[in-house]
Number of protein chains: 2
Amino acid sequence: MTDRLKQLAFQVGGTSPAPHPFDPLTTTEIDTAVSIVRKEHGPLNFNAVTLWEPRKEEMMAWLADPERAPRPLRAADVVAIAPGGKVYDGVVDLKAQKIVEWKHTPNVQPLITMEDLQEVEHVVRKDPKVIEQCGILGIPKEEMHKVYCDPWTIGYDERFGSGVRLQQALMYYRPHVDDSQYTYPLDFCPIFNAETKQIIHIDIPNVRRPISRAPPNNYHPASVEAEGGFRTDIKPIHITQPDGVSFNINGRTIDWQNWGIHVGFNYREGIVLNNITFNDKGVVRPVFYRLSLAEMVVPYGNPEHPHQRKHAFDLGEYGGGYMTNSLSLGCDCKGAIHYMDAAFVNRAGASTVVKNAICIHEEDAGILFKHTDFRDESVIVTRGRKLIISHIFTAANYEYCVYWIFHQDGTIQLDIKLTGILNTYAMNPGEDTHGWGTEVYPGVNAHNHQHLFCMRIDANVDGPNNTVFQVDAVRGEGAVGSPENPYGNAFYAKKTKFTTPRQAMSDYDGSTSRTWDIANTNKLNEYSKRPVSYKLVSREVPPLLPKEGSLVWKRAGFARHAVHVTKYSDDQIHPAGRHVPQTSGEPSVGIPQWIEQAGETCSIDNTDIVLWHTFGLTHFPAPEDYPIMPAEPMTVLLRPRHFFKRNPVLDVPPSYARTPSQVAAGKDVCACKKNDGSSVLV
Amino acid sequence: MTDRLKQLAFQVGGTSPAPHPFDPLTTTEIDTAVSIVRKEHGPLNFNAVTLWEPRKEEMMAWLADPERAPRPLRAADVVAIAPGGKVYDGVVDLKAQKIVEWKHTPNVQPLITMEDLQEVEHVVRKDPKVIEQCGILGIPKEEMHKVYCDPWTIGYDERFGSGVRLQQALMYYRPHVDDSQYTYPLDFCPIFNAETKQIIHIDIPNVRRPISRAPPNNYHPASVEAEGGFRTDIKPIHITQPDGVSFNINGRTIDWQNWGIHVGFNYREGIVLNNITFNDKGVVRPVFYRLSLAEMVVPYGNPEHPHQRKHAFDLGEYGGGYMTNSLSLGCDCKGAIHYMDAAFVNRAGASTVVKNAICIHEEDAGILFKHTDFRDESVIVTRGRKLIISHIFTAANYEYCVYWIFHQDGTIQLDIKLTGILNTYAMNPGEDTHGWGTEVYPGVNAHNHQHLFCMRIDANVDGPNNTVFQVDAVRGEGAVGSPENPYGNAFYAKKTKFTTPRQAMSDYDGSTSRTWDIANTNKLNEYSKRPVSYKLVSREVPPLLPKEGSLVWKRAGFARHAVHVTKYSDDQIHPAGRHVPQTSGEPSVGIPQWIEQAGETCSIDNTDIVLWHTFGLTHFPAPEDYPIMPAEPMTVLLRPRHFFKRNPVLDVPPSYARTPSQVAAGKDVCACKKNDGSSVLV
Ligand SMILES: [Co+2]
Ligand SMILES: [Co+2]
């Protein structure tokens, strides 16, 4: 029965085909989970209802033999907040229709949902003390509807601790509803109690900064038209796939150019890729069990109070899935697109859907390989293709575009584009930024900041037992002129095996072009006799600039090193902890805690391991980034090394090829007439 | 008169419009120069006849006022070798039709041309000592037609010095003419005298390595067909521009999306971009006077003799222009393409042309910027476009694809893709590579190597007087808890001004995400009050791994540091010297020499400067790279920072935009129906 038939059968007969164990919960499953919890625990606000991921051991058994192995438990992972603020974590068995785990978790704050964010502005506008502060800055109380705020979790403020659920309101003003508010930041910061819906405190700076009187700085079409209009010299580029896409999708499993990939999605990490395999001439070889962007932190570098609180953990504190954009053909993506929706729970416990949350499409990838023999101009040139699985999320002012890119040659590339709008703060005319920020427009101070992402790499390179090596390009021993290095040109790849999580805490070293190999030491490449491996190649790897012992350093323990390696554990998904808002960092939760707990004797040699890679960039704003920022890209690569016996893309049809004997015979075998990269030789 | 008409007029009337002073020499000009030289100096072999570039002072005056300023001298730069080997450097005034400079240059060797390369193999096959060596390895003399060699310049060999023009022949064997020879490297290395056309020496290793008996490892279509055939699951992607391209070309000057770029080309650097300007709302602002890839070196890391000689300077020793590929629509490039040819001289003094040497085309560049307001889903999303000026050259086994990419936002990106075939050496079964190489196939040792490129950046950021700053992302002063850094989160961009060439010799520092600003300190950004600048962002910056004092270190002085800055001089174009083959490095020519000569007192502060940037990668081969290597890309960015007052691409028509007031009014203003990124709002 084809997939389409199965679906029709379901629609007609009313029985659903069992979801793949990695599939996100359906709206039906979310509704089921909520109703089971409600029945037992009464009124609750739901924070998250998401797939309780299958335990790896069960799942590996099922993947190995889906016909006979028992199906892993299908369950919902639930976070709920009771009236009064008590936080509950639970697991609901969706088959047995019962709660299998339910516990009150004290002193934590689950992430802030879009609904949580949306309510702050209304409260802020009506608060008398906020109105008073606006008045001081020059905003009359009749204009309070022109006052806006971006509510952030408070992060952590030692004055208020973790017990009360708080948000900080970054304040702005819009002369007109369509004006960009980031041109008019206000200098004070109300603190919102999410339980009582009240402003409980306002942080007011010593130096006041009246509202800017600079003209608006907008990017919307009417303002562009008013300033001279749009450019008219861009001719269209059409990208079409008349025969459709080159991939097949079965449920959420994609089959493309030897890759097999299950595409999941959750409220937190957004896209989750599972069970990534590569069909190597008929042998389906596992590569990664699970890949995701698991956490991030955006520390700002202005030391003045209360800017230290600006260090958003956009995934753990807000959810990259919850903030995801609905994508539309021709706007966010081009060509033949396959979309997937995303299902969530809302506060009231109803399931909701973001249409077109995930975009899946192909792109031409330019030259895949080429060589010309200089003797006779015998030549081969072959074009590549790539598969891109993407989503975009809006974190208040910023946009993060996340592209998981699969290449035909076995390379996996994670690209992130930063766009959107700078976070801004008020400054007075002539005020010194002291180098902590940039005046990107009169009265607008954009603070220095970093965007640090944590990629979770649950490796499965030819099997679950893997080992990580740090690889440094270093000079050979021996002085110039010595017998072992007579001409001084010796260099090699120095490999350091990581045997314990403590030893594996490692930083980037640009001076050795440092990379990390995820190797399966049980399998050697037949030719090179080196372990089959995937190499992490990442060059945008700034250190965490907040100092050791600082608030950010304590809270964002995952960002202290470019690479951490841990032994796999089902419960270790979130690098900064399961509940991130208002963690103090004392003790630091997530990765540092796991490593501490694992102890000196924990072995990560030839076992099931997870590599956590923190990368990103340090952003010193400039006027070019304002009022909206041209996208800035970053790239991380996972490259097969000693994994294949030879170049795995030799069977991609070349655009053009002729051999020496064909040249000698005067044959022209150009096959590029179709101009589509997929032509067969003539 | 339009350009087309001008050209017709020329074709009909026989009078040529005066070439732009930056234009490469035409075939007619090359022929003219040769005939003038011949008349005076008799029989010569021509090594290069190329544009003698206009002196900058004259050229700047002409660019400022082309109608009234005198036209810079149009001249040919000539390198010729007289019978007997004497090398002559000369300059021919093409207007006055006379030689203005002619000198014998002792003890240098001009680069090796394709013709020089082609003749070695024939000599090698007939040399009795080579035949003898082949016999020792198991190749009978009847099979000498199956013996091949890649001739390289000797680089430098202390036994032979610089006086005699020499090549080393890297030896291979092909069982069948269509087999890849790199699977059958031979272990000895003949030395060829280019003057006498004789093998003057053979380097023979102590340990002999008989010819491999492994089966061929090929990538040509017949071999793919024999191994199971081509994959058939790639559906076509069509990329079309029905209304043509968005750029105009006047002669060789391109006008695209506010950019103005003159596209030159020479035998050595390949593409040369001159007079790069950006039209900033009607004001044409200079950005770069000249950009090129000026030199490169590929040192190999095996310390055993004679592998130290493998460190090709592909541009200075062979010429990236001479080795350039003729590109074909649909094979090397896709979409609407504009090509330019390249004209050279051959040894006999005749002009030659490589058709379609340069490819100029546009590509969709994905999301240019996007922002969604989380309150109401008011949104803007705009797609970007890029212009790509590319060429590809074949350096014996390797291919280098060079892409100069212009972005609408003022960013210039240099991408280089490496593909082609690994240089290989023979190894015996079970032989230890000692970590200096990888057995990529039985009997095939691919040695470790680096690809280091030197980008010449002749800056003109809002005028010729520029200053370079090293920029490091560093932590603020003060311990965590101190009054100046209470929360320990302070960080800033530390800028170090380079005032002398000696001080400016600087290395990459990944731990500070080091960048370099090319600034015009005479012009401050109106908003940020910082100098207008272009920032060099480069993350693939390995150090030169051959040790200080080594042969490569001495010869490739430019590669000792990631950045050198020199005061502009008309004669300083070639980082490793004008004539690179057989330089000893004693003294080191090119950049180190210029810096030495400039002395301690030379100022590079607020003057006409050139920044030389060496970047690249260290390549430890793996079986995936063989028998032909999937393209591996590298990127360098030049980004405007504080150069524009605001985001310069706001007037690019969005794909989709709706403002808060439009959302409130329920208006749907999607403009993405055309799916081409250029739609106008509806
Ligand atoms: Co940023
Ligand atoms: Co290489």
Side-chain angles (χ1 to χ4, degrees), chain A residues 177-178 219-220 230-231 234-236 238 240 243 246 301 303 308 330-331 369 371-372 381 394 409 419-420 435 473 480 485 487-493 510 513 527-528 539 542 545-547 549-551 618 620 622-624 628 630 641-642 644 650-651 653 655-656 659-660 672 675-676 678, chain B residues 177-178 219-220 230-231 234-236 238 240 243 246 301 303 308 330-331 369 371-372 381 394 409 419-420 435 438 473 480 485 487-493 510 513 527 539 542 545-547 549-551 618 620 622-624 628 630 641-642 644 650-651 653 655-656 659-660 672 675-676 678:
Chain A
V177 65
D178 289 342
Y219 53 79
H220 59 61
F230 288 101
R231 60 183 80 177
I234 308 175
K235 303 281 173 59
H238 295 300
T240 53
D243 302 342
S246 312
Q308 84 283 354
C331 297
F369 57 82
H371 181 61
T372 304
V381 56
T394 299
D409 69 357
T419 178
V480 179
N485 199 4
Y487 292 90
N489 63 312
F491 58 88
Y492 68 103
S513 307
Y527 297 150
S528 69
R539 303 297 178 210
L545 288 176
K547 291 189 173 177
S550 70
L551 176 61
T618 302
F620 298 112
E624 283 85 353
I628 188 168
R641 301 305 277 168
H642 309 279
F644 296 113
L650 297 180
D651 65 336
S655 304
Y656 188 93
T659 59
C672 54
N675 192 24
D676 60 16
S678 70
Chain B
V177 65
D178 289 343
Y219 52 80
H220 58 61
F230 288 100
R231 59 182 81 178
I234 308 174
K235 304 282 173 59
H238 294 301
T240 53
D243 302 343
S246 312
Q308 83 284 352
C331 297
F369 57 81
H371 182 59
T372 304
V381 55
T394 298
D409 70 356
T419 178
T438 304
V480 179
N485 199 5
Y487 293 90
N489 64 311
F491 58 87
Y492 67 103
S513 305
Y527 297 149
R539 302 296 177 212
L545 287 177
K547 291 188 173 178
S550 70
L551 176 61
T618 303
F620 299 113
E624 282 86 351
I628 188 167
R641 299 306 276 169
H642 308 279
F644 296 113
L650 298 181
D651 65 335
S655 305
Y656 188 91
T659 60
C672 52
N675 192 24
D676 62 14
S678 69

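Throughout, a chain's letter reflects where its sequence line sits, starting with A, and its residues are numbered from 1. The figures that follow rest on heavy atoms only: side chains count, while hydrogens, waters and symmetry mates do not.
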Among the options B:T372, B:L551, B:L545, pick out the one with the most heavy-atom pairs lying under 4.5 Å from chain A. B:L545
Proximity breakdown for B:T394 and chain A, heavy-atom pairs closer than 4.5 Å: side chain
So which heavy atom on B:D409 is nearest to which on A:P630, and how close? OD2-CB, 3.5 Å
Between B:P623 and A:H642, the two heavy atoms sitting closest are CD-ND1, 3.3 Å
Check whether A:S513 gets within reach of chain B through its side chain, its backbone, both or neither, counting any heavy atom under 4.5 Å. side chain
As an exercise: rank A:P546, A:P542, A:G549 by heavy-atom pairs under 4.5 Å with chain B and give me the winner. A:P546
Looking at B:G435, B:G510, B:P303, B:G420, which makes the most heavy-atom pairs under 4.5 Å with chain A? B:P303
Please determine, among B:G301, B:A473, B:S550, the option with the most heavy-atom pairs under 4.5 Å with chain A. B:G301
When every non-hydrogen atom of A:F620 is compared with those of B:A493, the smallest separation belongs to CE2-N, 3.4 Å
Pair count under 4.5 Å, heavy atoms only, with chain A: among B:F369, B:F644, B:Y487, highest is B:Y487
Counting C-beta onward and ignoring hydrogens, is there a side-chain heavy-atom pair between B:I628 and A:L650 closer than 4.5 Å? yes
With a 4.5 angstrom heavy-atom cut-off, could you sort out which part of A:T618 is near chain B: side chain, backbone, both or neither? side chain
Find the distance between CG (A:D243) and CD1 (B:I234) and round it off to the nearest 0.5 Å. 13.0 Å
When rounded to the nearest 0.5 Å, the distance separating CZ of B:R231 from CG of A:D651 is 4.0 Å
A side-chain contact here means heavy atoms from C-beta on lying under 4.5 Å apart; do A:K547 and B:N489 qualify? no
Side chains of B:P653 and A:F230, heavy atoms from C-beta outward: is any pair under 4.5 Å? yes
For A:V177, is it the side chain, the backbone, both, or neither that has a heavy atom closer than 4.5 Å to a heavy atom of chain B? both
Could you check which of A:R539, A:Q308, A:E624 has the highest count of heavy-atom pairs closer than 4.5 Å to chain B? A:E624
Looking only at heavy atoms, what is the nearest atom pair of B:S246 and A:K235, with distance? OG-N, 2.8 Å
